[in-house]
Trainee: 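My questions all concern the structure below.
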Amino acid sequence: MEDEDDNGFWDRVYVAVIITTVIVILALSGFSYYFS
Amino acid sequence: MKLLDWAIVIAYLVYVIWDGIRMTKHSNSKEGYFLANRSLPWWAVGLSVMATQLSAITLVGTTGQAYTDGMRFIQFYYGLPLAMIILCITVVPFFHRAQVFTAYEYLEKRFDVKVRTLTSFFFLISRGLGVGTIISAPAIVLSIVFGWNLIATIFAIGLSTTIYTMFGGVQAVTWTDVKQMVIIFVGLGVVLVVIVANFPSGVSLVDGLTLAGSLGKLETVDTSINFYEKYTLWSGLIGGLFLMLGYFGCDQSQVQRFLTAKSVDEGRTSLLMSAFLKIPMQFMILLIGVLVFVFYQFNAPPIVFNANEIAKAQGDAKFQAIEQNYAAAHAVRRDAAVKFSTEGDEFRQAYVEADKKFSDSRKQAVDYVKETSNDKFNDVNYVFPTFILQNMPMGVIGLLIAAIFAAAMSSIAAELNALATATTIDFYRRLFRPEATDTHYVAVGRLSTLVWGIFACVVAIFASNLGSLIEVVNKFGSFFYGSLLGVFVLAFVIKRANARGAFFGLLFGITSVWIASLYTSIEFLWFNVIGCLVTVISGYLISLTAKKDLATDQKGST
């Protein structure tokens with residue numbers, strides 16, 4: 001389904017989105033913990 | 001409201017209508033009017049995607065929810081980034097390459113015209129009624145808080161949006177969305193600063209957050225597995241994922257946004273913009289609600305935020321006694337909050353207990369209103385507008401009302417444009433007039449926008465008197481998304497799925513969610529999972545049967 005000529009660019013972008021989301025959820029969890 | 005506030009609101013309305021109408025010159029062809037000639041940059045499409053999702057009632061309701069219930073609502077969005085990735089891999093390239101005008105047009109290419117027409121019909125019903133509630137909900141709140149005429153407010157929001165959407169088409173929708181998002185961000189930024197600046201001297205932002213945190217208002221991750229709890233990490237990640245896939249991937253009001261992008265890559269980038277920004281943006285909105293809560297630790301909040309209900313109850317001796325009790329409880333809590341903030345952790349417990357007593361006294365007032373006036377009373381949506389009116393300086397009130405209008409209009413415009421596109425392309429062109437000029441289809445699109453706009457305003461007027469209708473319409477929307485997603489899963493993923501399976505699978509899916517809502521207490525985010533799974537499984541099984549029938553028929557005929 002991916003474009004053949006993107007050299008895996010979008011795959012790396014998707015991984016970056018997932019990693020960022022995990023970091024954001026962990027940061028929010030830390031924020032809640034810090035102020036609880 | 002002062003003259004300056006009115007001037008800002010009127011200037012906003014005039015500018016947005018003018019800005020939308022001037023796009024008319026780019027909207028004279030079918031491709032231009034419905035798809036902006038597939039020419040828009042990713043950042044404009046991305047902002048439009050976010051603006052469409054952020055309705056006025058989301059803006060004022062979310063801040064109100066944070067005030068009463070804290071930040072747990074943010075978990076609703078945890079599934080969004082993953083949904084965007086899945087859509088970037090599947091739906092965006094599929095739709096772009098198929099060169100479709102509507103998501104449902106693709107279903108005819110994959111299945112048949114019946115599946116296309118049924119899904120488009122469900123979209124028109126749910127969104128046609130839904131857009132009425134998008135107008136009525138903020139109009140009711142604004143008219144009560146600011147004392148405006150309800151019908152005038154409905155028309156100010158609904159008809160002004162209809163005018164620029166009708167003339168400028170999707171280009172007007174997208175470019176006004178961009179400016180409306182700027183107004184919303186500026187408004188929220190200003191209110192954030194003004195609230196913190198109004199904390200008492202000696203109380204910092206960190207102190208304020210510590211107050212809120214000690215009462216559990218800053219909970220953002222609930223890892224418990226509980227199908228009856230509305231917002232948990234799992235309902236957000238799994239139920240939210242299915243909801244967002246259904247909403248962004250199968251709802252024409254969102255699909256049309258990324259169909260206008262220049263290329264597949266620009267379409268993908270526009271969705272990933274939301275994936276990165278949506279959770280931080282919702283955090284900011286919820287944080288404002290929490291800071292309003294902190295503000296009211298030091299300043300007496302209204303006993304209930306709906307001014308109409310206060311006016312009704314004012315003369316009653318029982319309510320006056322509740323008010324006195326409430327004022328006394330607030331004074332105790334305020335002193336406890338100041339002590340906790342300035343003198344440290346040893347006063348935490350006293351503050352928590354004072355807040356409990358204060359909450360009990362507010363509950364007495366809410367119960368009183370429920371008993372004497374409205375048994376479904378809920379003033380969450382009134383918190384933020386009331387706070388704005390009573391505590392924001394001149395000019396900022398106007399800016400924030402413009403921001404609430406912008407949130408409402410950006411969602412309404414996208415919905416009207418999508419309704420007009422589905423009406424023109426899926427019904428008029430497909431079933432009645434397949435061969436006509438571009439000018440003809442644009443004229444039909446404009447007329448459809450006008451008719452849907454007027455219909456939405458009429459629904460809004462009736463919906464304002466029928467609270468339960470709003471509930472039914474919203475429920476119908478949530479019944480629909482999971483099942484619609486199931487049809488697209490059948491289309492994209494299951495090669496053996498056929499038209500009959502998709503058609504009846506959709507009907508079974510919607511029915512199953514309806515039954516689940518009637519006979520269980522499962523929270524609504526899980527309905528999307530149920531609808532999708534039932535549609536996919538029943539659709540697949542029916543497809544197998546159909547194949548068998550076909551085989552039997554063929555066998556019989558030889």
Side-chain angles (χ1 to χ4, degrees), chain A, chain B residues 70-72 74-75 77-94 97 205-223 233 236-237 263-265 268-269 271-280 282-283 286-287 290 294 348 492-493:
Chain A
M1 259 170 260
E2 284 298 281
D3 295 337
E4 286 171 5
D5 57 352
D6 72 1
N7 293 320
F9 169 76
W10 285 105
D11 292 339
R12 289 196 292 277
V13 172
Y14 300 146
V15 171
V17 172
I18 291 170
I19 291 171
T20 308
T21 305
V22 172
I23 291 170
V24 167
I25 293 174
L26 287 174
L28 286 170
S29 183
F31 169 80
S32 306
Y33 180 75
Y34 180 80
F35 286 108
S36 65
Chain B
M71 300 185 84
R72 65 190 69 219
I74 199 168
Q75 295 170 107
Y77 295 97
Y78 286 170
L80 186 144
L82 189 55
M84 292 307 197
I85 292 173
I86 294 170
L87 295 174
C88 285
I89 295 170
T90 55
V91 167
V92 176
F94 268 116
R97 284 166 197 154
L205 176 62
V206 172
D207 295 331
L209 291 175
T210 307
L211 285 174
S214 66
L215 300 174
K217 297 275 182 192
L218 301 181
E219 289 293 328
T220 54
V221 180
D222 176 357
T223 53
L233 178 65
L237 278 177
S263 63
V264 172
D265 285 356
R268 282 174 172 151
T269 315
L271 289 187
L272 293 180
M273 184 178 166
S274 241
F276 276 114
L277 294 182
K278 188 67 192 178
I279 295 175
Q282 282 304 134
F283 176 79
L286 286 163
L287 187 64
V290 168
V294 175
R348 173 188 291 256
F492 289 138
V493 182

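Chain identifiers are assigned alphabetically (A, B, ...) following the order of the sequence lines, protein sequences preceding nucleic acid strands; residue numbering begins at 1 within each chain. Atoms considered below: every heavy atom in the structure, side chains included; atoms not considered: hydrogens, waters and symmetry mates.
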Trainee: Report which part of Thr210(B) has an atom under 4.5 Å of a heavy atom belonging to chain A: side chain, backbone, both, or neither.
Mentor: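 For Thr210(B), backbone and side chain are both near chain A.
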
Trainee: Checking Thr269(B) against chain A: side chain, backbone, both or neither under 4.5 Å from a heavy atom?
Mentor: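 Both parts, backbone and side chain.
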
Trainee: Before giving the answer on side chain to side chain contact (heavy atoms under 4.5 Å, CB included), spell out for Leu28(A) and Tyr78(B) the whole-Å C-alpha distance, their side-chain angles and the decisive distance to 0.1 Å.
Mentor: CA-CA 11 Å; Leu28(A) 286 170; Tyr78(B) 286 170; 3.5 Å; yes

Trainee: Just to verify, what does Phe31(A) make a ring-ring contact (aromatic ring centres under 6.0 Å, His included) with, not counting sequence neighbours?
Mentor: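 Residues passing ring-ring contact (aromatic ring centres under 6.0 Å, His included) with Phe31(A): Phe35(A), Phe283(B).
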
Trainee: Is there a side chain to side chain contact (heavy atoms under 4.5 Å, CB included) between Tyr14(A) and Cys88(B)? Walk through the geometry before answering.
Mentor: CA-CA 9 Å; Tyr14(A) 300 146; Cys88(B) 285; 3.3 Å; yes

Trainee: So how far is it from Ile74(B) CD1 to Ile25(A) CD1, rounded to the nearest 0.5 Å?
Mentor: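 The CD1 atom of Ile25(A) is 9.0 Å from CD1 of Ile74(B), to the nearest 0.5 Å.
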
Trainee: So what's closer than 4.5 Å to chain B heavy atoms on Val24(A): side chain, backbone, both or neither?
Mentor: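 Just the side chain, heavy atoms under 4.5 Å.
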
Trainee: Which pairs count as side-chain hydrogen bond (donor to acceptor under 3.5 Å, both in side chains) when at least one residue sits in residues 19-36 of chain A, sequence neighbours excluded?
Mentor: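 Output for this query lists Ser32(A)-Thr220(B).
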
Trainee: Against chain A, label Leu272(B) side chain, backbone, both or neither, depending on which of its atoms sit under 4.5 Å from a heavy atom there.
Mentor: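 Contact with chain A is through the side chain of Leu272(B) alone.
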
Trainee: Is chain A contacted by the side chain of Met84(B), its backbone, both, or neither, given a heavy-atom distance below 4.5 Å?
Mentor: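 No part of Met84(B) comes within 4.5 Å of chain A.
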
